[in-house]
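Only one structure is covered here, and it is reproduced in the block below.
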Amino acid sequence: MNQEKKNSSGIVINHLYGPKESEQPGEFPYTRGIRKDMYRGKLWTMRQYAGFSTAEESNARYLYLLNQGTTGLSVAFDLPTQIGFDSDHPMSEGEVGKVGVAIDSLRDMETLFQGISLKDVTTSMTINATAATLLAMYVAIAKKQGADLQTLSGTIQNDILKEYTARGTYIYPVRSSMRLITDVFEWCSIELPKWNTISISGYHIREAGSTAVQELAFTLSNGKAYVEAAQKRGLDINIFGRRLSFFFNAHNDFFEEIAKFRAARRMWANMMKNMGATHPEAMMLRFHTQTGGSTLTAQQAENNIARVTIQALSAVMGGTQSLHTNGYDEAFNLPTEKAARIALRTQQIIANESGVSHTVDPLAGSYFVEELTNSMEIEATKIIDRITQMGGSVSAVESGWIQEQIAKSSYETQCNIENESQIIVGLNAFLASDEKETPSFSVNDTIRIQQIQKIERLKAERNNQNVSNSLRKLSEVALTETNVMPTILECVENMATLGEIANALKNVFGEYHP
């Protein structure tokens with residue numbers, strides 16, 4: 001683990017620099033990283049967010065990415081799947097398979113992971129309102145493969161609060177959604193102890209237009225709300241706290257992003273300690289990073305390769321545990337295989353050629369970085385304190401205050417771009433008149449027809465009485481305080497569709513209306 005590292009000039013690079021009496025990596029409050037050796041011991045997981053069209057086509061892309069050196073899968077689901085509509089629902093028209101893969105039933109999920117051993121990969125699934133159902137499908141496949149659920153590893157995003165403020169793929173009222181999330185926490189603590197039950201997400205908050213400080217504040221405040229909900233259920237913070245993870249954005253201000261990641265670890269460690277955590281791993285902020293989608297431009301798209309490189313490097317210098325790099329063409333379509341390969345190669349070059357992984361927290365001690373880390377913490381804490389005064393994130397979401405703050409920041413940014421006080425190369429400065437069209441990749445509308453045909457075959461072949469019984473049981477359980485996860489798994493294994501399960505819960509919880 002501690003093998004000697006040398007730079008290109010033959011100079012030995014130590015695993016750590018700084019006074020011995022100063023804060024050390026791997027020790028509370030983890031400003032310098034959650035592991036003593038960080039990337040000297042193990043590189044970050046290299047993920048590529050992928051999913052489009054049918055399960056068959058997405059499966060082919062996953063196998064391609066694994067063959068190219070991806071070390072973890074990251075699944076994108078289409079909008080109908082995210083908001084609980086089967087592909088044959090009228091609301092699904094025009095959206096099936098467009099921004100992710102269409103999953104209507106366990107059969108689709110089995111096809112999605114065909115030829116992939118779930119016990120040998122970690123899978124991250126970007127799913128929220130229907131997270132419990134998609135997790136149940138994943139578990140059902142793992143059981144069929146004979147995997148040990150006690151060692152199954154992966155992450156579901158399962159962060160519903162940011163859906164009300166930034167993305168909009170919600171189904172149920174806020175407090176009913178919080179109940180489902182807590183049910184997942186409780187069930188996984190027994191059945192899937194190695195599974196990360198939530199990825200508390202600042203990424204979409206930033207994509208919606210927030211500042212870096214707001215991303216930090218709103219994300220950690222949401223995390224606090226989830227912890228408090230779990231504690232009210234009687235769950236042990238030292239158990240479920242170890243399975244919490246975070247998901248941050250990386251934008252172009254290199255040093256601001258690094259400071260944000262360092263401040264996040266320190267703030268979360270102190271927050272968890274104040275809420276009663278004593279186990280070191282329950283106080284560690286582990287996070288995945290994705291480069292900023294909203295920073296990409298359709299104009300001079302190749303410039304996005306440089307942007308993604310800067311952003312990815314900030315995530316690594318900031319100590320990320322997992323990283324996704326965007327394709328340069330994602331400003332206007334799904335990434336082509338070429339763009340996905342370049343994005344992955346960007347991570348591999350950083351890991352194997354740049355030398356930044358040879359030492360832990362290489363910017364520690366920089367006057368600028370240390371001051372910026374402190375300033376990020378101070379400003380984010382002011383926002384968190386205000387949310388606490390409102391009664392916490394749930395109340396701040398229900399009142400619309402967080403949404404309003406993000407909208408204001410987004411508007412100010414757009415004004416700055418339009419008046420050219422904020423330069424975007426290729427968009428409002430350094431324009432090119434001879435730009436060539438970038439090859440595109442898109443999904444056609446015939447995908448919905450294929451999915452509808454699959455649903456029709458499924459309903460003709462399954463035991464519909466078993467489906468009806470399990471769905472009725474789910475609605476009955478949802479009316480009580482009993483954990484719904486075992487019943488959702490039963491519905492999935494009886495071949496109930498995603499939409500049928502969502503409707504069974506909707507009949508009890510109702511729907512959220514802003």
Side-chain angles (χ1 to χ4, degrees), residues 1-17 25-26 30 32-50 62 64-74 120-124 153-155 203 245-252 254-255 257-258 260-262 265 285-292 304-328 330 335 337-364 369:
M1 179 178 289
N2 285 309
Q3 68 270 31
E4 188 177 77
K5 301 280 188 180
K6 294 182 179 180
N7 67 13
S8 60
S9 299
I11 298 171
V12 174
I13 306 299
N14 295 327
H15 92 280
L16 182 69
Y17 289 89
Y30 311 107
R32 301 196 63 186
I34 62 169
R35 304 286 180 234
K36 290 184 178 181
D37 283 329
M38 288 301 288
Y39 307 134
R40 294 264 295 210
K42 180 185 178 183
L43 288 173
W44 63 92
T45 301
M46 299 181 191
R47 299 189 187 277
Q48 286 307 112
Y49 187 49
Y62 294 157
Y64 168 79
L65 288 171
L66 289 168
N67 186 55
Q68 293 297 310
T70 289
T71 54
L73 297 176
S74 187
D120 297 323
V121 298
T122 63
T123 303
S124 174
S153 180
T155 305
Y203 183 87
S245 64
F246 288 79
F247 175 21
F248 287 113
N249 210 316
H251 274 215
N252 291 328
F254 184 67
F255 291 105
E257 296 303 308
I258 294 169
K260 179 185 74 181
F261 300 135
R262 299 176 86 245
R265 277 192 295 271
L285 184 145
R286 298 167 297 115
F287 70 100
H288 169 71
T289 310
Q290 182 173 339
T291 57
N304 294 328
I305 298 174
R307 293 186 177 101
V308 169
T309 302
I310 291 168
Q311 294 163 10
L313 190 57
S314 76
V316 172
M317 300 285 268
T320 193
Q321 278 62 67
S322 172
L323 178 61
H324 163 78
T325 34
N326 290 328
Y328 70 87
E330 286 191 63
E337 281 197 357
K338 177 183 177 182
R341 185 173 65 248
I342 290 172
L344 176 59
R345 294 290 182 258
T346 299
Q347 293 198 51
Q348 292 165 336
I349 289 169
I350 290 172
N352 297 288
E353 298 184 29
S354 72
V356 298
S357 62
H358 291 171
T359 191
V360 178
D361 196 19
L363 291 179
V369 171

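These numbers come from a predicted model, not from an experiment. We're numbering straight along the sequence, starting at 1.
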Decide yes or no for [X] and [Y]: does some side-chain heavy atom of the first lie under 4.5 Å from some side-chain heavy atom of the second?
{"X": "Asn326", "Y": "Asn304", "answer": "no"}
{"X": "Tyr17", "Y": "Thr359", "answer": "yes"}
{"X": "Gln321", "Y": "His288", "answer": "no"}
{"X": "Val316", "Y": "Ser357", "answer": "no"}

**Asked** Among all residues two or more places apart in sequence or in another chain, which pass the salt bridge (charged side-chain N to carboxylate O under 4.0 Å, His left out) test with Lys6?
**Response** Glu4
**Request:** Tell me, please, which residues at least two apart from Arg262 pass salt bridge (charged side-chain N to carboxylate O under 4.0 Å, His left out).
**Result:** Asp361, Glu370
Of all the heavy-atom pairs spanning [X] and [Y], show the shortest one and how long it is.
{"X": "Thr122", "Y": "Thr45", "answer": "OG1-CG2, 4.4 Å"}
{"X": "Ala351", "Y": "Leu43", "answer": "CB-CD1, 3.9 Å"}
{"X": "Thr309", "Y": "Ile305", "answer": "OG1-O, 2.8 Å"}

Spatial distance of atom [atom1] ([X]) from atom [atom2] ([Y]) [nearest 0.5 Å]:
{"X": "Met317", "Y": "Glu257", "atom1": "CE", "atom2": "CD", "value": "13.5 Å"}
{"X": "Lys42", "Y": "Arg35", "atom1": "NZ", "atom2": "CZ", "value": "9.0 Å"}
{"X": "Ser124", "Y": "His324", "atom1": "OG", "atom2": "NE2", "value": "10.5 Å"}
{"X": "His251", "Y": "Ser314", "atom1": "NE2", "atom2": "OG", "value": "10.0 Å"}
{"X": "Tyr62", "Y": "Leu73", "atom1": "OH", "atom2": "CG", "value": "7.0 Å"}
{"X": "Leu323", "Y": "Ile350", "atom1": "CG", "atom2": "CD1", "value": "7.0 Å"}

What I want to check is whether the side chains of [X] and [Y] have a donor and an acceptor closer together than 3.5 Å.
{"X": "Arg341", "Y": "Tyr64", "value": "yes"}
{"X": "Thr320", "Y": "Thr289", "value": "yes"}
{"X": "Ser322", "Y": "Arg286", "value": "no"}

**Request:** Give a yes or no on whether the ring-centroid distance for Phe287 and Phe261 is below 6.0 angstrom.
**Result:** yes
**Request:** Could you check Gln290, Gln347, Gln311, Arg345 and say which one makes a side-chain hydrogen bond (donor to acceptor under 3.5 Å, both in side chains) with Thr325?
**Result:** Gln347
Could you check whether any side-chain N or O of [X] sits under 3.5 Å from a backbone N or O of [Y], counting only pairs where one atom can act as donor and the other as acceptor?
{"X": "Lys5", "Y": "Arg40", "value": "no"}
{"X": "Asn7", "Y": "Ser9", "value": "yes"}
{"X": "Arg265", "Y": "Tyr30", "value": "yes"}

**Item:** Steps toward side chain to side chain contact (heavy atoms under 4.5 Å, CB included) verdict (Phe248, Leu285)
**Value:** CA-CA 11 Å; Phe248 287 113; Leu285 184 145; 3.9 Å; yes
**Prompt:** Angle class for the Trp44/Tyr39 ring planes (parallel below 30°, perpendicular above 60°, tilted otherwise)?
**Reply:** perpendicular
**Message:** Pair Gln348, Gln68 - check side chain to side chain contact (heavy atoms under 4.5 Å, CB included), show working.
**Reply:** CA-CA 11 Å; Gln348 292 165 336; Gln68 293 297 310; 5.9 Å; no
